[in-house]
Amino acid sequence: MQRALLAGMLVGALCGYLGVYVVLKRIVFVGVALAEMSSAGVALAFWAATILGFAMEEHSPLTMIGALALMLVGVLLFSLRWTKTVPHESTIGVGYAVAAAAGLMLMSHSAKGEAHVMQLMFGNILYVSSREIWEFAAAAALVALVHTLFAKEFLFVSFDPETANALGYRTRFWEMLFYLTLGLTIAFAIRVAGVLLVFSLLVLPGVTALLLTRHLRRAFPVAILAGVLPIGIGLTLSYALDFPSAASIIMVSFVFMLLAGGARLVRG
């Protein structure tokens, strides 16, 4: 429970922060698409191990390499505007569908892939290891450093790209760097918490924060708080009532969002 609480708070804080961008940039499904591609990368690693005839442990570094490799493919696919005639949402949909299909195909020919990828999809934060926490903490520190150093550029390019272009900002570079930090977060976070919980934490805290405050800079600390608080409450409820931990955390986060929506209606 202590490891689960620590891991969950780290994931909730970082995903809550990035979720403000995800919600405002209207790229909610990029999160689940990148997560699906990372899962397909894990399935690819298990399939390759089966083909080559050697046993691979569940926490093998090769699974992380596979997840990161396909995550980078997703970053390249989603951060570039390939053509003006095809909407960006279509590219995201293609990436998600192909990754899901590829994952299923690879799982069907892998001895351990199906069980492990199902674990990635739905997750169980109670089973998180100290090693996975340290790995995610290192990735989170790198992402936090990048966003601290370049917060102004990310904000400007994300929410006023035309003006940023006119002032000489390399919008494509900053867009790709943002997607890279998002993909890195997801690739490591799904090993800790599973796709379902990570996707929820990329959406619900961000929505909660934007309902509670009209000031963009205030939304980030509020989103971090909204990402962290449901972890402790949800884990406590799951322990006391014997509910799945991820589902409990998500429902608590949803209640927070409903309360924020109610507060927004009262304030007008």
Side-chain angles (χ1 to χ4, degrees), residues 3-22 27 30-46 56-79 95-96 99 103 113 116-148 154 176-203 205-206 223-224 227-228 231 245-246 249-250:
R3 287 199 302 266
L5 180 62
L6 176 59
M9 291 176 71
L10 286 172
V11 172
L14 188 56
C15 288
Y17 176 88
L18 293 174
V20 177
Y21 285 103
V22 168
I27 55 169
V30 167
V32 72
L34 285 174
E36 192 67 48
M37 296 190 82
S38 294
S39 298
V42 173
L44 177 62
F46 276 101
M56 188 169 67
E57 295 298 324
E58 184 175 333
H59 302 292
S60 169
L62 290 177
T63 62
M64 195 68 249
I65 292 171
L68 288 172
L70 286 199
M71 177 274 293
L72 289 173
V73 173
V75 167
L76 183 63
L77 183 67
F78 302 146
S79 62
Y96 174 80
H116 187 65
V117 175
M118 287 300 292
Q119 173 71 14
L120 278 177
M121 286 299 297
F122 300 102
N124 192 335
I125 201 170
L126 297 177
Y127 295 156
V128 66
S129 66
S130 299
R131 174 182 168 181
E132 288 171 332
I133 294 175
W134 280 109
E135 288 174 348
F136 179 76
L142 178 60
V143 171
L145 178 63
V146 171
H147 277 266
T148 299
F154 282 130
M176 184 173 290
L177 184 59
F178 170 76
Y179 276 94
L180 185 59
T181 60
L182 178 62
L184 190 66
T185 298
I186 291 171
F188 279 88
I190 61 173
R191 285 165 58 89
V192 173
V195 172
L196 180 62
L197 181 55
V198 170
F199 175 61
S200 301
L201 291 173
L202 280 170
V203 179
I224 291 172
V228 169
I231 304 298
S245 54
I249 293 168
I250 292 168

Kindly give the heavy-atom pair with the smallest separation between [X] and [Y], and that separation in Å.
{"X": "Ala40", "Y": "Ala99", "value": "CB-O, 3.6 Å"}
{"X": "Tyr179", "Y": "Val75", "value": "O-CG2, 3.4 Å"}
{"X": "Ser38", "Y": "Ile190", "value": "CB-CD1, 3.5 Å"}
{"X": "Ser245", "Y": "Ile125", "value": "OG-CG2, 3.8 Å"}
{"X": "Val195", "Y": "Ala35", "value": "CG1-CB, 3.7 Å"}
{"X": "Gly183", "Y": "Met71", "value": "O-CG, 3.3 Å"}

Roughly how far, to the nearest 0.5 Å, is [atom2] of [Y] from [atom1] of [X]?
{"X": "Leu182", "Y": "Leu177", "atom1": "CG", "atom2": "CG", "value": "11.5 Å"}
{"X": "Thr181", "Y": "Leu142", "atom1": "OG1", "atom2": "CG", "value": "9.0 Å"}
{"X": "Leu197", "Y": "Ile249", "atom1": "CG", "atom2": "CD1", "value": "5.0 Å"}

Can you name the side-chain contact (heavy atoms from CB on, under 4.5 Å) partners of [X], sequence neighbours left out?
{"X": "Leu72", "result": "Leu180"}
{"X": "Leu5", "result": "Met9, Ile231, Leu235"}
{"X": "Ala223", "result": "Val20, Ala209"}
{"X": "Val128", "result": "Arg3, Ala7, Glu132, Ile133, Val192"}

Results of side-chain hydrogen bond (donor to acceptor under 3.5 Å, both in side chains) for Ser200 - residues two or more places apart only: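 side-chain hydrogen bond (donor to acceptor under 3.5 Å, both in side chains) list for Ser200, sorted by chain: empty.
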Before giving the answer on side-chain contact (heavy atoms from CB on, under 4.5 Å), spell out for Phe154 and His147 the whole-Å C-alpha distance, their side-chain angles and the decisive distance to 0.1 Å. CA-CA 8 Å; Phe154 282 130; His147 277 266; 3.6 Å; yes
Got a sec, which residues hit ring pair (Phe, Tyr, Trp, His ring centres under 6.0 Å) with Phe178, two or more places apart in sequence or on another chain?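 Applying ring pair (Phe, Tyr, Trp, His ring centres under 6.0 Å) to Phe178 gives Tyr21.
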Determine, stepwise, if the pair Leu184 / Leu68 fulfils side-chain contact (heavy atoms from CB on, under 4.5 Å). CA-CA 7 Å; Leu184 190 66; Leu68 288 172; 3.8 Å; yes
